[in-house]
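One structure is given here, and the rest of the page talks about it.
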Amino acid sequence: MIVQVIAAVFGTIAFSVLFGVPRQYYIYCGLVGGAGWWLYSVLAVYTGCTAAEATFFAACLVVLLSRFLAVFERCPATVFLTTGIFPLVPGAGIYWTAYYLVTDRPAEAADNGFAALKAAFAIVLGIVLVFEVPDRFFKIKKLTK
């Protein structure tokens with residue numbers, strides 16, 4: 001699992017370069033993506049969570065970290081969110097759905113397509129849920145004397 005998390009970190013950094021994220025945010029983006037993949041892996045492997053449930057909780061973590069980093073770095077949360085969600089996107093499920101459709105295996109296509117749709121919906125639901133939390137919960141108050 002450590003190799004997968006490291007791959008998620010570097011993949012997210014590469015995706016940050018591709019999306020034109022400013023250089024000073026590369027490490028933060030990578031850590032957000034790695035943290036999301038780590039939580040997904042832990043929940044999918046060591047608990048009874050389904051892939052969609054693990055994706056939902058990992059997406060919530062990615063959005064939470066993105067919002068905290070946005071306040072900390074004074075930049076939009078989408079800088080970290082767009083790249084950090086990358087490891088959770090069900091690309092392989094979409095690929096296999098198309099493959100099974102082309103090779104005339106509709107049952108497998110339906111199974112993979114529905115699993116990919118559930119994962120995509122879990123990502124959207126996690127993003128919407130955490131973005132509904134008011135901004136004041138993400139701001140750190142300074143101690144005054």
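Numbering of residues begins at 1 and proceeds along the displayed sequence.
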Residues 52-62, side-chain donor-acceptor partners within the protein, below 3.5 Å, at least two apart:
unit_1, atom_1, unit_2, atom_2, d
E53, OE1, T50, N, 2.9
T55, OG1, A51, O, 2.7

To the nearest 0.5 Å, atom NZ of K118 lies from atom CG of L125 at 14.0 Å
Against Y26, only a single residue in T12, L31, I13 fulfils side chain to side chain contact (heavy atoms under 4.5 Å, CB included); can you say which?
I13
Could you report the tightest heavy-atom contact between G34 and V5, atom names first, then the distance?
O-CG1, 3.8 Å
What pair of heavy atoms forms the shortest contact from A70 to F80, and how long is it?
N-CE1, 3.8 Å
Not counting sequence neighbours, which residues clear side-chain hydrogen bond (donor to acceptor under 3.5 Å, both in side chains) with Y28? List them please.
E73
Honestly curious: do F121 and V63 fall in one hydrophobic cluster under the side-chain, below-4.5 Å linking rule?
yes
Taking all heavy atoms of G33 and all of P87, pick out the closest pair and write down the distance.
O-CG, 3.8 Å
Do Y25 and S16 have side chains that approach each other closer than 4.5 Å (heavy atoms only, starting at C-beta)?
no
Evaluate whether atom CZ of F10 has more than 12 neighbouring non-hydrogen atoms of other residues, nucleotides or ligands under 6.0 angstrom away.
no
Spacing of L81 atom CG and L69 atom CG [to the nearest 0.5 Å]
11.5 Å
With the 4.5 Å side-chain cut-off for hydrophobic clustering, are V17 and I6 part of the same group?
no
Could you list the donor-acceptor pairs under 3.5 angstrom formed by side chains in residues 38-47, with sequence neighbours left out?
unit_1, atom_1, unit_2, atom_2, d
S41, OG, W37, O, 2.9
S41, OG, W37, NE1, 3.1
T47, OG1, L43, O, 2.4
T47, OG1, C49, N, 3.4

State, to 0.1 Å, how close G84 and V32 come at their nearest heavy-atom pair, and which atoms those are.
CA-CG1, 4.0 Å
For F19 and T82, work out which heavy atoms get closest and say how close.
CE2-CG2, 3.4 Å
Co-membership, hydrophobic cluster, residues V124 and F86, 4.5 Å side-chain
no
Roughly how far, to the nearest 0.5 Å, is the OG1 atom of T103 from the CD atom of E108?
7.5 Å
L18 atom CG, neighbour heavy-atom count above 12 within 6.0 Å
yes
Quick one: closest heavy-atom pair of L65 and A35, and the distance?
CD1-CB, 3.7 Å
With the 4.5 Å side-chain cut-off for hydrophobic clustering, are L117 and Y99 part of the same group?
no
Between V133 and R67, does a side-chain contact (heavy atoms from CB on, under 4.5 Å) hold up when you go through it step by step?
CA-CA 10 Å; V133 176; R67 291 198 62 193; 4.0 Å; yes
Quick one: does I123's side chain get under 4.5 Å of P90's, heavy atoms only?
yes
